Amino acid sequence: MKNNNGVVEDNKVPLLARLEDEKEELIQSKNSSDHDLINNEEEQEDLTSRVWIESKKLWHIVGPSIFSRVAAYSMNVITQAFAGHLGNLELASMTIANTVILGFSFGLLLGMASALETLCGQAFGAKKYHMLGIYMQRSWIVLFLCAVLLLPLFIFTTPLLIFLGQPKDVAEQTGLLAMWLIPLHFAFAFQLPLQRFLQSQLKTGVIAWVSLAALVVHIFVSWLFVYKLGLGLIGTAVTLNFSWWILVFGLFGYTVLGGCPLTWTGFSFQAFSGLWEFLKLSAASGVMLCLENWYYRILVLMTGNLKDAEVALDALSVCMSINAWEMMIPLAFFAATGVRVANELGAGNGKAAKFASIVSVTTSHIIGLIFCVIIMIFRENLAIIFTSSAVVLGAVDKLALLLAITILLNSVQPVLSGVAIGSGWQASVAFINLGCYYVVGLPVGVILGWVFNLGVSGIWSGMIGGTAVQTLILIIITVRCDWDIQAENASSRMKMLSNSSYKP
């Protein structure tokens, strides 16, 4: 084409320029997309790596803790199984003695000992190693005094159970058992602090080995006392005392004979200083966990007031035993989460504490889902190891769905409580537990059980409702938590308690 001056004009030049520009934009867009893709892959790899590293740290505590807790609880289950094969009355008596009387004691002492998960965990994270031994000795003092104050519960078990509406023969048999179980009651006061002292510094392997030794001894001694020596129901109580004190002496021996050179420097009068601050945190921990522990003990007592109480109580005791057995897994996550969160907060790493909480809750929930499926598959034969009664087997089958739901909720709720323990929120969570369990769950259970005549299923359903509300509230609190502030609070707590204690 010619212009007005007769010069040929090439229209392809602007077109080629535009094509070159578009090509350059495409290349830049592709490079940008590739860069974003690489970044996303790197972020994904980084997240996967972080989850893997945190999971290894978590399972370093969870694995041995699951084994040691299952082994320790298995001693109770084995004792209950021996009692169950002696007769229905013996099973009901051992169930109440184990679940209600010892459960009441264990719940309070366990909660009070859990103060060590906050203090020892944060002190270990802050590298104030000498404080761990001081804290444990304080816990022994506080828990021993508490155990003495709880003695009337064991001495007056029979009249207390009769007052609460239990059958007279069951109440009398349970009262006799309770007197024989007093040594076990005092074993809790020493074993629980020892266990938390060791797991706070990641020495969980020794807890597992000592628990295994105690379990092996317990099986042999149970067979010897009950079947060979014919000591009957009293023999089952004696075996529990013997086996739990093996746990105490085994863990204590490891601690004082050189197993903890940095954290155990011998007995010290410093343990008697700063007791008031320690007592307040222990009391808050005790109220927090015992309100939860007693919740299900009340379920057993309420069931004892139903019609045909013996069958209902036997069926519920089997379900509670299975639930408590499986509960050792989320309780191990509870302990591990408390340690991990406390360690990271003590070291000033708020974001790491948050990430540890997320990984722990997710892992425990997946395991809970698996157990739910197993319960529903084998629902017809769940009680076979506890009893051969067809009536009780059928009653347990009807309760299997409620058991599965309880296990699912308990795969999350204890882990969130572990976050609370590691962060030092015990007092706040105690009020939450009080409201959810005793203002919501218990009244709803009474209404469903008696007003709507749903029996043990109605009582248990109300209890599940309280647990569900509590779990939801704990999720909201954990999600909204400012972890940097929690790390600052942990630092302040360590300074306050260290100032009133041992000066290196």
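Remember, it's a predicted structure, so these values are computed and weren't measured experimentally. By convention here, the first residue in the shown sequence is residue 1.
Not counting sequence neighbours, Phe197 has no partner by the ring pair (Phe, Tyr, Trp, His ring centres under 6.0 Å) test. By the salt bridge (charged side-chain N to carboxylate O under 4.0 Å, His left out) test, Asp484 pairs with Lys351, sequence neighbours left out. In this view, Phe144 and Phe186 satisfy the ring pair (Phe, Tyr, Trp, His ring centres under 6.0 Å) rule, not counting sequence neighbours.
One finds no salt bridge joining Glu54 and Arg50 here, because no Lys/Arg side-chain nitrogen approaches an Asp/Glu carboxylate oxygen to under 4.0 Å.
Residues Thr263 and Gln201 bring a donor and an acceptor atom of their side chains to less than 3.5 Å of each other. No side-chain N or O of Asn343 forms a donor-acceptor pair with one of Gln122 less than 3.5 Å apart.
Taking the six-membered ring where the residue is Trp, Phe106 and Trp244 present perpendicular rings, their angle passing 60° and hence far from 30°. By the 30° and 60° cut-offs, the orientation of the rings of Trp140 relative to Phe190 is tilted. Under the 30°/60° scheme for interplanar angles, the aromatic rings of Trp245 and Phe249 are found to be tilted.
Pro193 approaches Ser139 most closely through the heavy-atom pair CG-OG, 3.4 Å. Minimum interatomic distance between Val248 and Ala187 (heavy atoms only, all atoms of both residues): CG2-O, 3.6 Å.
Applying the 6.0 Å contact sphere to CZ of Phe242 captures no more than 12 heavy atoms from other residues, nucleotides or ligands.
Ring centroid separation for the pair Trp209 and Tyr254 does not come in under the 6.0 Å cut-off.
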